[in-house]
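Just the heavy atoms: all of them, side chains too, but no hydrogens, waters or symmetry mates, feed the values below. Note that this is a predicted model, so its numbers are computed, not measured.
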Amino acid sequence: MADTVKVIEQCEVRPPPGSVPSTSIPLTFFDLPWLCCPPLKRIFFFNFPYSTQHFLQTLLPTLKNSLSLTLQHFFPFSSNLLFPPKPNPPHILYTQSNSLSFTVAESSADFNTFVSDSPKDVTALHPFVPVLPPPQTLEDGTFFIPLMSIQVTVMPHSAFAICITFRHVAADGKSFHHFMKFWASVCKSNGDLTLASLAIPLHNRDIIQDPKGLKHIFLQELLNFLPENVESKGEIRDVPTDMVRHTFVLSHDHVEKLKKWVSIKCKSHDLELPHITTFVVTCSLIWFCKVKSEEIKVGTVLFNNDESYILAFMADCRNRPEFSIPLEYFGNCLVCGNAEVKRSKLVGENGILEAAIAIGSEVRHLQRGTFEGAETLMSNFTEFATLGKHTTIIAGFPSLKVYETDFGWGKPEKSEVVNVDNSGSISLSDCRDKEGRIEVGLALEKSQMKKFSTILEEHLTEISVLD
């Protein structure tokens with residue numbers, strides 16, 4: 001597969017000269033736990049039925065220029081993460097010499113393979129993924145790491161892809177997709193910022209109140225955390241040769257009937273009605289199917305039915321009354337919820353219901369006491385890495401509207417979270433085709449994916465008979 005991609009150009013893109021002064025941005029308690037997170041990788045595929053030469057002459061200059069104009073407002077992505085000598089805390093630093101790595105490539109791969117929802121080899125997307133530039137160490141021992149890189153890959157006479165690798169410590173999904181939509185809007189308007197319709201991001205970290213001193217607590221926990229550990233995390237590692245990635249689409253009808261099914265099950269078991277939302281029922285169904293599909297491995301893997309399985313998900317704190325953080329805030333503003341169910345219950349006859357009750361309860365818990373989700377951010381990340389913990393992490397939300405990223409050539413034909421193949425995550429997003437549909441992306445070994453598909457289809461068929 002690697003032979004299908006040829007690098008045409010390697011360059012740097014930076015904000016317009018003099019548009020951004022040198023700026024130091026402190027890390028808040030929302031940011032610090034993400035130092036432990038591998039880089040995120042998101043790819044967008046767009047139709048483009050023209051030659052590579054046409055792309056290079058017409059679209060590439062607009063892409064670069066609009067990115068430069070966008071970076072004057074989203075400059076942390078062209079900055080570095082600095083680890084000064086202890087006890088000074090890590091922070092983000094932008095200087096006017098900073099830039100963002102930008103790669104242009106060409107691929108002979110079949111575009112239709114990438115945009116189909118059928119299973120595909122997890123390594124198929126890897127040649128489209130840009131590598132972050134290597135870290136550097138200054139004479140005084142300061143260690144600094146670039147935060148983002150971008151690769152644009154042309155598939156002549158069919159499509160092109162934009163793939164972004166970035167470090168979560170710089171921004172969460174809300175901020176990242178704000179950046180992508182802003183860049184797309186500037187590109188669509190051919191560089192006219194007055195026509196770009198999105199709000200300017202807010203970089204003021206002083207609005208993050210920390211009454212419980214979480215930043216100090218988290219920094220103490222990170223004292224023995226070496227900056228080299230950040231760099232070593234997240235590079236594409238060896239994956240099983242039979243691992244595939246697959247996108248499943250749940251229709252609006254599926255989701256509504258699943259909500260009704262959960263409600264009926266609750267009443268029939270005389271249980272308290274959980275927080276029944278699209279997010280809750282979708283996660284319940286997918287989590288159940290994923291754990292249930294592991295049974296195919298029995299004989300090589302021993303399962304303990306008394307062990308707890310965890311579904312971890314993030315909740316955005318913007319516009320919450322207790323935080324007073326505006327939607328335009330740029331950075332991380334997430335708390336973590338953990339739904340926990342014993343395996344025996346999760347794979348049992350009422351597994352989806354058990355999952356819905358656990359997830360719904362955790363959602364309500366976060367709504368009542370968001371700060372409790374913030375207090376456990378660091379310990380959650382440590383716990384996720386603990387051997388023996390069966391943790392599935394939900395990446396993304398349909399509300400982020402990934403498919404509204406229009407650079408002037410229409411909606412993406414497909415967008416995927418590349419790093420689900422080595423993180424054990426499940427991605428959720430809106431769907432390109434119809435309002436109300438949800439795309440679910442995950443990677444499993446081929447035999448397990450087949451089992452997962454069968455279980456999912458069985459349960460969707462079961463609920464489809466509901467009026």
> Given side chains that start at C-beta, do those of Pro89 and Leu32 come closer than 4.5 Å, heavy atoms only?
Replying inline: no
> Between His390 and Tyr309, what is the ring plane arrangement, given parallel below 30°, perpendicular above 60°, and tilted in between?
Replying inline: parallel
> Can you list the steps and then say if Val7 with Val104 is a side chain to side chain contact (heavy atoms under 4.5 Å, CB included)?
Replying inline: CA-CA 6 Å; Val7 174; Val104 183; over 6 Å; no
> Looking only at atom types and distance, does a side-chain atom of Asn419 sit under 3.5 Å from a main-chain N or O of Lys41, one as donor and one as acceptor?
Replying inline: yes
>> Going by the rule ring pair (Phe, Tyr, Trp, His ring centres under 6.0 Å), which residues pair with Phe144 if we only count those two or more places apart in sequence or in a different chain?
In response: none
>> Within this structure, what is the CD-CG distance for the pair Glu328 and Asn204, rounded to the nearest 0.5 Å?
In response: 13.0 Å
>> Checking Ser344 against Glu307: is there a side-chain donor and acceptor pair closer than 3.5 Å?
In response: no
> Closest approach of Ala184 and Thr405, non-hydrogen atoms and distance?
Replying inline: CB-CG2, 4.0 Å
>> Between Asp430 (side chain only) and Val402 (backbone N and O only), is there a donor and an acceptor less than 3.5 Å apart?
In response: yes
> Got Leu400 and Phe176 here, is their nearest side-chain heavy-atom distance under 4.5 Å?
Replying inline: no
> Can you tell me how far CH2 of Trp34 sits from CG of Leu334, rounded to the nearest 0.5 angstrom?
Replying inline: 6.0 Å
>> Tell me whether Lys215 contacts the main-chain N or O of Leu27 through its side chain, where contact means a donor paired with an acceptor under 3.5 Å.
In response: yes
> Under the criterion ring-ring contact (aromatic ring centres under 6.0 Å, His included), which of Tyr403, Phe407, Phe114 is the partner of Phe46?
Replying inline: Phe407
> Got a donor-acceptor contact below 3.5 angstrom from the Lys292 side chain to the Trp287 backbone?
Replying inline: no
>> Let me confirm one number: the CG-CD1 distance from Leu285 to Ile455, rounded to the nearest 0.5 Å.
In response: 10.5 Å
> Can you name the salt bridge (charged side-chain N to carboxylate O under 4.0 Å, His left out) partners of Lys188, sequence neighbours left out?
Replying inline: Asp406
>> Strictly distance-based, threshold 3.5 Å: is any side-chain N or O of Thr23 a donor or acceptor partner for the main-chain N or O of Pro21?
In response: yes
> Side chains of Val152 and Phe102: does their closest heavy-atom pair fall under 4.5 Å?
Replying inline: yes
> Any sub-3.5 Å donor-acceptor pair from Asp172's side-chain atoms to Cys333's backbone N or O?
Replying inline: yes
> In Å and rounded to the nearest 0.5 Å, what is the OG to CZ distance from Ser447 to Phe452?
Replying inline: 14.0 Å
>> With a 6.0 Å cut-off (strictly less than), is the heavy-atom count around NZ of Lys265, excluding the residue itself, greater than 12?
In response: yes
> By side-chain contact (heavy atoms from CB on, under 4.5 Å), which residues pair with Ala161, not counting sequence neighbours?
Replying inline: Ile43, Phe45, Phe128, Met155
>> When you compare the side chain of Gln448 with that of Glu294, does any pair of heavy atoms fall below 4.5 Å?
In response: yes
> Just checking, any donor-acceptor pair under 3.5 angstrom between side chains of Gln151 and Thr153?
Replying inline: yes
> Mind checking what makes salt bridge (charged side-chain N to carboxylate O under 4.0 Å, His left out) contact with Lys64, not counting sequence neighbours?
Replying inline: Glu9
> How far apart are the closest heavy atoms of Ser425 and Ala395, and which atoms are they?
Replying inline: CB-CB, 4.4 Å
>> Using the side-chain contact (heavy atoms from CB on, under 4.5 Å) criterion, which residues pair with Asp117? Sequence neighbours excluded.
In response: Thr247, Val249, Lys414
>> When you measure from the side chain of Thr282 to the backbone of Phe279, do you find a donor-acceptor pair of N or O atoms at a distance under 3.5 Å?
In response: no
> Given side chains that start at C-beta, do those of Phe44 and Cys163 come closer than 4.5 Å, heavy atoms only?
Replying inline: no
> Would a distance-only check, ignoring hydrogens and angles, find a side-chain to backbone donor-acceptor pair under 3.5 Å from Ser263 to Lys259?
Replying inline: no
> Salt-bridged, Arg318 to Asp316, with N to O below 4.0 Å?
Replying inline: yes
> Looking at residues at least two apart in the chain, or sitting in another chain, which of them share a salt bridge (charged side-chain N to carboxylate O under 4.0 Å, His left out) with Lys290?
Replying inline: none
> Any donor and acceptor pair, going by atom type alone, linking the side chain of Arg167 with main-chain N or O of Leu35 inside 3.5 Å?
Replying inline: no
>> Please determine whether salt bridge (Lys or Arg N to Asp or Glu O under 4.0 Å) holds for the pair Arg245 and Asp421, giving the CA-CA distance in whole Å, both sets of side-chain angles, and the decisive distance to 0.1 Å.
In response: CA-CA 7 Å; Arg245 61 189 303 127; Asp421 59 17; 3.8 Å; yes
>> Run the side-chain contact (heavy atoms from CB on, under 4.5 Å) test against Pro201 and tell me which residues pass, sequence neighbours left out.
In response: His73, Phe74, His178, His203, Phe330
>> With side chain to side chain contact (heavy atoms under 4.5 Å, CB included) as the criterion, how do Ile150 and Thr103 come out once you've worked through the C-alpha distance, each side chain's angles and the decisive distance to 0.1 Å?
In response: CA-CA 6 Å; Ile150 296 175; Thr103 303; over 6 Å; no
> Given Ser101 and Gln10, is the side chain to side chain donor-acceptor pair (under 3.5 Å) satisfied, shown in steps?
Replying inline: CA-CA 8 Å; Ser101 173; Gln10 178 67 59; 3.0 Å; yes
>> Taking salt bridge (charged side-chain N to carboxylate O under 4.0 Å, His left out) as the definition, give me every residue that meets it alongside Arg205, ordered by chain and number, with sequence neighbours left out.
In response: Asp31
>> Side chains of His177 and Lys401, heavy atoms from C-beta outward: is any pair under 4.5 Å?
In response: no
>> My understanding is that only residues two or more places apart in sequence, or in another chain, count here; which of them pass side-chain hydrogen bond (donor to acceptor under 3.5 Å, both in side chains) with His254?
In response: Ser251
> If you take all heavy atoms of Ser149 and Val131, which pair is closest and at what distance?
Replying inline: OG-O, 3.4 Å
> What pair of heavy atoms forms the shortest contact from Phe83 to Ile145, and how long is it?
Replying inline: CE1-CD1, 4.0 Å
> Got a sec, which pairs hit side chain to side chain donor-acceptor pair (under 3.5 Å) with one end in residues 345-362, sequence neighbours left out?
Replying inline: His269-Asn350
>> According to side-chain contact (heavy atoms from CB on, under 4.5 Å), who are the partners of Ser185, at least two apart in sequence or on a separate chain?
In response: Ala196, Ser197
>> If you define the side chain from C-beta out and look only at heavy atoms, does anything of Cys336 sit under 4.5 Å from Phe313?
In response: no
>> Could you report the tightest heavy-atom contact between Pro135 and Pro146, atom names first, then the distance?
In response: CA-CD, 4.5 Å
> Which is it for Val129 and Thr165 under the side chain to side chain contact (heavy atoms under 4.5 Å, CB included) test, yes or no, and what are the steps along the way?
Replying inline: CA-CA 7 Å; Val129 178; Thr165 300; 3.5 Å; yes
>> I need the Ile200 CD1 to Leu202 CG distance, nearest 0.5 Å.
In response: 11.0 Å
> With sequence neighbours left out, which residue pairs that include part of residues 13-22 fulfil the side chain to side chain donor-acceptor pair (under 3.5 Å) condition?
Replying inline: none
>> Could you tell me if the side chain of Arg432 sits less than 4.5 Å from the side chain of Pro412, heavy atoms only?
In response: no
> What pair of heavy atoms forms the shortest contact from Ala171 to Asn332, and how long is it?
Replying inline: C-OD1, 3.5 Å
> Any sub-3.5 Å donor-acceptor pair from Ser293's side-chain atoms to Cys289's backbone N or O?
Replying inline: yes
